[in-house]
Structure formats: structure tokens, C-alpha cells
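Both backbone and side-chain heavy atoms feed into the values below; hydrogens, waters and symmetry mates do not. Keep in mind it's a predicted model, so treat the numbers as computed, not measured. All chains are named by letter (A, B, ...) in the order of the sequence lines, taking the proteins before the strands, and each is independently numbered beginning at 1.
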2 protein chains.
Amino acid sequence: MKGFTGAMGEGVRRVTIHDVAGKAGVSTAAVSHAFNDPERLRATTVTRILDAARDLGYAPNPHARALHSQRVGVLGVLFPQPIATVFANPFFASFLEGIGSVTDERGIGLLTVTPLGGSLERAIAAAPVDGFVIIGLDERHAEVAPLRKRGVPFVVVDGDAETASSVNVDDEGGAYAAANLLLEHGHRDILVLTFHAPPEELAKDLGVRGRRLRGYRRAFVDHAVALDDDAVVRTFVTLEGGDMAFAKAWAEGARPTAVLAASDIMAIGAMRAAKRLGLRIPEDLEVIGFDDIPLAAASDPALTTIHQPIADKGRVATRLLIRELDEGGPRERIVLPTELLLRESTRAASKKSRTQRVAKGGTEREGKRILKAAAH
Amino acid sequence: MKGFTGAMGEGVRRVTIHDVAGKAGVSTAAVSHAFNDPERLRATTVTRILDAARDLGYAPNPHARALHSQRVGVLGVLFPQPIATVFANPFFASFLEGIGSVTDERGIGLLTVTPLGGSLERAIAAAPVDGFVIIGLDERHAEVAPLRKRGVPFVVVDGDAETASSVNVDDEGGAYAAANLLLEHGHRDILVLTFHAPPEELAKDLGVRGRRLRGYRRAFVDHAVALDDDAVVRTFVTLEGGDMAFAKAWAEGARPTAVLAASDIMAIGAMRAAKRLGLRIPEDLEVIGFDDIPLAAASDPALTTIHQPIADKGRVATRLLIRELDEGGPRERIVLPTELLLRESTRAASKKSRTQRVAKGGTEREGKRILKAAAH
DNA sequence: AACCTTTTATGAAAGGTTTTACCGGAGCGA
DNA sequence: TCGCTCCGGTAAAACCTTTCATAAAAGGTT
């Protein structure tokens with residue numbers, strides 16, 4: 001860890017508990033008590049101390065406090081990618097919003113932790129936090145393992161964990177519903193857009209990518225439709241990635257009548273490419289995404305997609321972590337429901353409500369029930 | 001500060017430098033040296049210590065390190081509002097992206113700090129950071145003043161500061177350009193949407209709001225057009241705020257031919273209301289925003305606006321702060337340029353490039369030059 | 001072998017807080 | 001008056017690391 005090396009701005013030594021004790025004519029212990037357990041002291045003494053503290057502008061040193069209590073009141077959110085890309089991604093924005101709503105109400109700080117000089121492990125070691133929410137990284141990941149050893153509690157989101165709590169959404173069920181919709185519409189030539197992943201995940205269809213792909217595949221099997229390997233394309237989780245992937249497939253002669261994208265942003269990219277090629281959506285091409293990012297509703301046409309409760313994932317994970325920190329609560333595996341959201345990029349099949357539930361999903365309320373049920 | 005109270009997850013006492021020293025048969029000082037200044041030790045000793053450390057899974061305690069060195073390697077970003085609203089706001093997302101790009105490359109952590117139980121002051125006191133980037137808060141703000149006393153360096157963004165560096169954009173110039181465009185298009189009945197602000201700022205037209213309003217007013221004066229007080233409406237910086245404000249003005253009989261909004265999101269809200277009322281944009285109503293958030297380009301019609309380099313503000317502020325921390329660099333006042341971006345919510349006036357520069361603005365490169373120039 | 005100079009390693013202090021154990025005194029009942 | 005409890009407060013240890021001054025070891029000279 002490099003960080004800063006130079007000297008402090010001004011030479012103003014910070015006022016410490018000793019200064020306050022001196023001014024108030026008491027011991028440092030008394031000052032500490034005045035702040036943390038005023039009952040133990042005579043009322044007059046307390047006010048005398050508090051007055052002195054205010055005059056001096058005293059505030060307890062967070063580092064000293066943390067060192068002693070082994071608690072800083074800060075939670076780390078561990079991302080596998082540079083922070084700039086994190087904040088540029090609306091998915092993470094929603095996720096952080098969920099986490100933030102909990103930390104805020106508990107008066108806890110939020111530290112974003114990203115690879116330090118390429119190494120997540122170093123970043124983890126240097127982070128002054130009480131626990132981690134880990135997103136999109138498997139517990140088995142080499143960089144994460146040391147956490148266990150250090151005894152720092154963590155919760156895994158969008159990943160599997162044996163030794164820690166985990167929060168996931170029903171990726172497979174959502175993917176099944178998405179593929180099922182297109183197959184029911186009669187499509188037989190569907191382009192599947194999925195994303196890049198580390199080799200070990202690819203090999204075993206692990207992680208989010210694997211689960212979604214499994215859902216797609218299961219629907220194809222149930223409809224007795226073959227899913228050609230050529231029809232499954234891996235690309236980047238960006239608008240450009242989706243655009244390129246569709247354009248490339250088209251250029252190579254593919255003529256899909258529908259697109260099944262494992263992420264909204266790729267779906268929107270594919271729509272852009274399709275429109276450029278003169279295709280009408282949904283008349284010539286039906287498109288369905290995954291995630292329901294804010295842009296999905298605003299895109300043209302509005303994107304039919306699988307909604308997943310992104311902010312809720314953050315909220316649930318954070319509550320779990322805090323409980324583990326506070327009470328050493330039990331490990332849990334939470335799976336939140338997903339939901340099919342019919343918008344304009346697919347043809348209306350019935351005159352039912354535009355928002356219909358996925359068979360395997362459920363309402364948000366059910367999601368909370370799942371959480372509660374699992375809590376015992 | 002409440003935070004956690006309970007016991008640590010497992011009883012596994014963390015491995016300390018003493019454990020490593022014991023295992024390697026050396027003193028704790030030697031272990032410290034092995035990590036921080038290996039040259040001082042014999043090579044064989046170093047490897048022996050490092051091996052022991054690895055076996056034990058040792059990592060230096062960040063809190064102890066921070067306490068001793070008076071440095072944690074974490075920067076705080078101070079927001080005047082709950083964290084959930086922060087991450088929900090694309091403006092802040094861009095801003096954080098800029099900050100993050102710098103902290104990341106320096107291996108520094110990023111802590112978001114928001115009011116703790118309603119009090120920013122308490123949040124500030126409890127935050128384990130080396131310095132703050134303060135956004136949208138005046139240095140004179142009662143909650144911020146204690147920072148000075150505590151000797152924690154900070155940089156103010158979108159606010160004025162006497163005793164600290166500040167980073168702002170040319171709000172007034174941008175606003176002038178926006179108003180000027182509409183006035184040149186011949187509009188005489190313009191609805192101005194501005195936002196709520198604390199009373200003291202309102203009174204003196206301080207802060208971002210004041211500067212933008214000043215720019216609008218100056219243009220009106222230059223065009224010898226009166227700006228009626230009724231035509232300046234204060235509302236919330238949300239889509240709903242802009243929608244409501246326009247609808248209300250309309251309901252009260254106002255029939256503006258153009259809208260001058262001090263923020264994109266309000267402009268988009270106003271467009272929504274106008275479309276609902278059957279107005280065509282830009283034929284019946286020209287609209288211009290401010291900020292150039294991502295949504296501005298995606299809205300329908302695409303919003304003409306004043307671009308401000310949001311991410312750059314974050315980057316510049318962070319570099320300034322780090323320099324002050326490292327070298328105690330001098331205070332600076334940076335003003336970054338703004339830029340008029342012509343899109344679809346205003347009528348095309350000429351066949352020139354769709355992006356044209358504001359007289360008082362400049363390119364990004366010029367922005368950097370300003371920074372550099374000011375650095376001496 | 002004695003002495004000097006480097007090199008290598010250590011002891012102890014410092015950094016600021018919280019907390020445990022304890023102490024002196026006051027009040028009270030016997 | 002003795003002995004007990006309770007109150008208000010304090011001393012000192014503990015949290016873990018880094019660093020300064022210094023000691024010990026190693027190596028080289030005479």
C-alpha cells in the first residue's frame with residue numbers, strides 16, 4: 001500500500017483526550033466516561049468535561065478508537081473491477097443504493113474496495129473495515145480466501161459460498177422464463193448473448209453466467225428446440241458489446257428472429273445494431289434482456305426484461321453482514337425472486353397486465369418472506 | 001456513533017506481529033522491518049520472517065498502522081444527503097467516477113460520508129479518513145467548520161472556500177449561454193426553473209443556484225428583456241419537481257414559449273409535463289437544461305443542455321486534496337469550463353456543428369490548462 | 001588478542017482511546 | 001465506633017504497529 005507519504009498540512013497537533021482531561025481537571029478515564037457512559041459520573045462533572053471538550057473542539061480519534069474496540073463502524077464493498085467502472089455501471093449504482101440505505105440508517109460508513117495495484121488481496125488486507133460485502137466474486141476465489149484466515153466476516157452476493165452467507169437471485173428461473181416466452185412465441189432461431197467470464201467459471205458454468213445459461217438451456221429442452229452452439233455468443237457487458245455481437249452474427253449470415261440477452265445493456269446494444277440494420281422491434285425481432293436497469297424502461301422500444309431486485313440484494317446482504325457482526329448470527333443462503341417484465345421489445349401475447357409474474361419468481365413480499373423463513 | 005455492539009464472529013484472535021515474531025524467532029521490530037524496510041535486515045532473516053507471516057496468514061492491522069502513522073489511506077467524500085439518494089443520482093455517480101479514477105490509481109480507499117443520524121458533524125468526527133472532498137456544501141456551513149479545527153484537510157467542490165482549495169465550474173457563464181440562446185431565438189416568455197436552497201444561500205444568491213441564476217439574469221439584461229419574478233420558479237431537483245413546476249405554472253395561466261432549467265432532471269420533468277399538455281418540443285416549447293447527465297442524451301427529444309465536466313471536477317478535486325496531503329501544496333481555486341450542447345429540445349439555428357462552444361467556456365484541454373496555470 | 005567499524009537486530013516509547021480493577025471517602029446500620 | 005456498601009473517580013493495561021536509539025554480533029585491522 002502506497003498512499004500518502006508526506007507531512008500533514010499544518011502543524012496543529014490534534015487535541016486529544018488528555019487535553020480535555022487537563023482542562024477539566026480530571027483523568028482521561030473520566031473524559032471517556034463522560035462521552036460513553038455518563039451515568040457513571042456526577043452530573044456536574046459530566047457537564048464540566050463536555051464543556052471543556054466543546055471549547056477545545058475535541059473529537060475522539062477514530063483510529064485509536066478502532067484499534068481498541070476492534071470496530072471502525074465501516075463496511076467494505078468489494079468489487080472485482082476498478083472503481084471508475086463501478087460507478088459508471090447503473091447496476092452497481094442500484095446495488096450500492098441498497099447497501100447505503102442500510103448502512104445509513106445504522107450510522108455505518110461505506111468503503112468501496114477495489115483491486116489495489118491489480119491485487120484484490122492487498123486491498124483487502126489494507127482496508128480498515130469491519131466486514132465485507134463481496135459482489136460477483138466466488139468465495140473460492142484466490143484473492144478472497146485470505147479473508148477467512150483473517151477472521152473478517154463477509155457476505156457473498158451473486159456468488160456461491162460454503163463458509164459465508166450468500167445472497168443471490170433466481171437467475172436460472174428468470175432465464176428460463178425469458179427463454180420460455182420467446183419459445184412460446186414460436187421462435188426457433190434465437191440468438192443468445194452471454195458474457196465473458198474467467199476460465200474456471202466458464203468451464204463449469206459457474207456463477208451468474210452459468211446459472212442464466214442453464215435456465216435458457218432448460219427452456220430449450222422443455223420445448224424440444226435445439227440450441228446450437230453457434231447461437232450462443234459471448235461478449236462484453238456493455239452497449240457496444242451487444243451491438244457488436246449482433247452485428248457480427250448478422251454479418252456472418254445468422255438471421256435470428258429473437259435475441260435472448262443475459263444483460264439489459266447488451267440487449268440494448270443489440271437493439272441498436274438491429275435498428276441500424278433496418279429491423280423493426282418487436283415485429284422483425286423480439287428482444288429480451290436481464291436485470292431491469294433503469295435504462296431498460298427508457299430505451300426505445302422499452303425493453304422487456306427479467307427484473308431482479310438489485311437494491312434489495314444490497315440491502316439483504318448488508319443486514320445479514322451486520323447481524324453476523326453484531327450477534328454472530330447463523331450463515332444463510334438467500335435467493336431472491338426474479339420477475340418477467342413485459343414491455344415493448346416483445347410482442348404482446350395476451351391482454352393481461354403488462355407486468356406478469358414469473359412462475360418460479362414471486363413478489364417482493366415473498367422475497368422478504370424467504371429471507372425471514374431462512375432466518376430461523 | 002452507534003455502529004455495532006456485539007462480539008466478533010468467531011473467537012479466532014487475529015494473528016498479530018507478535019505471533020509472527022515468535023514463530024520466526026525474532027523481535028516484532030524485525031518483522032516490521034521485513035515488511036517496510038527489508039534492506040535493513042539480512043536476506044535470510046527477511047525470508048524467514050516472510051515465510052512465517054505467510055504461514056500464519058498475517059496482515060498488519062490497519063487500525064494500529066493508522067493510529068501510529070496518522071494515515072489510513074482513505075479519502076472521504078462528504079455528501080449533504082442520505083447515501084441512498086446519492087447513488088440514485090447520476091450526477092453523483094459521474095462525480096464519484098472521477099474521484100474513483102484517481103484514488104484507484106493511487107491505491108487509496110474511498111469512503112462515502114453522509115449525515116449520521118441527521119448530523120453531518122458527527123459523521124465527520126467519526127470518519128476514519130485522511131481528508132475530505134466536500135460536495136455542494138459551503139465552507140462556512142456550520143457542520144463543516146469543525147473540520148478546520150480538527151486539522152483535517154479538505155477540498156470544496158461546487159462551493160466557495162476561503163481557507164481551502166475549491167473546484168467549481170463556470171456556472172454563471174454556462175447559464176448565460178443557455179439564456180442567451182433562447183433569447184436570441186426570440187423568446188420573451190421564458191420559464192426559469194431553479195432549485196431550493198438553504199435560506200442564507202437564497203438570500204445572497206450564493207452557491208451553484210445563485211451563480212446560475214446570475215448568469216440567466218445577465219443575459220436577460222444584455223438582451224434588454226425583463227425577467228419577471230413570477231417567471232422564476234423554485235422546485236425540487238427531481239424529474240417530478242420539474243414536471244410539477246411546469247404543470248403548476250401552466251395551470252396558473254403562464255404560457256411560456258421556452259424553459260430554462262437549472263438542472264437536466266428538472267428540464268426532463270418539465271418536458272414530460274409539456275408533452276402531457278400536448279405541446280410539441282421544440283416547435284411549441286424550447287427547453288434547455290444544465291449539467292449534461294447521461295439521461296439528457298437519451299431523453300426524447302434529446303435535451304439541449306450546458307455540459308459541465310462532472311467527472312473532471314471529481315478528478316481535479318481529488319488530485320488537489322492528495323497533493324495537499326502529500327506536500328502541503330498551496331490552496332487553489334479552480335474553475336472548469338462549461339459548454340453548450342445543442343440537441344433536439346431546441347430549434348437548430350444554423351447549420352454549424354451540433355456541438356458548439358460557449359464563449360466563456362473552453363475545451364477540456366483548456367480546462368486542464370487552467371488547472372496547470374493555477375498550480376503555480 | 002585487542003580494538004574498531006559495520007551490519008544486523010532489539011527494547012522501549014509513542015500513538016489515543018477504552019475498560020477493568022481498584023481505591024478513598026461518604027453514608028448508613030448496628 | 002466499627003464494618004459494610006455504594007458512589008465517584010483514577011491508574012494502568014490493552015489494542016498493534018512503527019521507529020528511534022542502542023545493543024549485540026560480525027567482520028576486518030593491527
Worksheet item: Where the side chain of B:Asn61 is concerned, which of C:dT18, D:dC16, C:dT10 is the nearest nucleotide?
Response: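 When the side chain of B:Asn61 is considered, D:dC16 is the closest of C:dT18, D:dC16, C:dT10.
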Worksheet item: Which of the following nucleotides, D:dA11, C:dT18, C:dT10, is nearest to the side chain of A:Ser27?
Response: D:dA11
In whole angstrom, give the distance that lies between atom [atom1] of [X] and atom [atom2] of [N].
X       : N      : atom1 : atom2 : result
A:His68 : D:dA14 : NE2   : P     : 10 Å
B:Tyr58 : D:dC16 : OH    : P     : 10 Å
B:Leu67 : C:dT18 : CG    : P     : 12 Å
B:Ile17 : D:dT19 : CD1   : P     : 11 Å
B:Arg14 : D:dC16 : CZ    : C1'   : 9 Å
B:His63 : C:dG16 : NE2   : P     : 17 Å
A:Arg71 : C:dG16 : CZ    : P     : 24 Å
A:His18 : C:dG15 : NE2   : P     : 10 Å

Practice prompt. Remember a base hit wins even if backbone is also touched, and classify A:Ser69 as base, sugar-phosphate or nothing at under 4.0 Å, heavy atoms.
Written response: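 Nothing, no heavy atom under 4.0 Å.
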Discussion item. Regarding B:Val26, tell me which of base, sugar-phosphate or nothing describes its non-hydrogen contacts under 4.0 Å with the strands shown.
Written reply: sugar-phosphate
Item to complete: Measure across B:Gln81 and B:Thr114 and return the closest heavy-atom pair with its distance rounded to 0.1 Å.
Response: O-CG2, 3.1 Å
Worksheet item: If you look at every heavy atom in B:Ala127 and B:Val113, which pair is closest and at what distance?
Response: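 Nearest pair, atom of B:Ala127 first, then B:Val113: CB-CG2, 4.1 Å.
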Indicate yes or no: does [X] engage [Y] in a salt bridge with an N to O separation below 4.0 Å.
X        : Y        : answer
B:Glu324 : B:Arg331 : yes
B:Glu97  : B:Arg315 : no
A:Asp51  : A:Arg48  : no

Item to complete: Please tell me which of B:Ala64 and B:Ala29 maps to the more 5' nucleotide of DNA chain C, matching each residue to the nucleotide holding its nearest heavy atom.
Response: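 Looking at DNA chain C, the more 5' nearest nucleotide goes with B:Ala29.
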Discussion item. For B:Phe79, give me all partners under ring-ring contact (aromatic ring centres under 6.0 Å, His included), at least two apart in sequence or on another chain.
Written reply: B:Phe92
Item to complete: Under the ring-ring contact (aromatic ring centres under 6.0 Å, His included) rule, collect the residues that match up with B:Tyr58, sequence neighbours excluded.
Response: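 Scan of B:Tyr58 (ring-ring contact (aromatic ring centres under 6.0 Å, His included), adjacent residues dropped) gives B:Phe35.
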Practice prompt. With a 3.5 angstrom cut-off on both distances, give the Watson-Crick or G-U wobble partner of D:dT30, or none if there isn't one.
Written response: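 With both distances under 3.5 Å, D:dT30 matches C:dA1.
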Item to complete: Look at A:Gln70 and C:dT18 and indicate whether a side-chain polar atom (N or O) is within less than 4.0 Å of OP1 or OP2.
Response: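 So the side-chain polar atoms of A:Gln70 never come under 4.0 Å of the phosphate oxygens OP1 or OP2 of C:dT18.
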Item to complete: Go through residues 34-51 of chain B and report each residue with a non-hydrogen atom lying under 4.0 Å from DNA chain D, sorted by number.
Response: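 Here the set is B:Asn36, B:Arg40.
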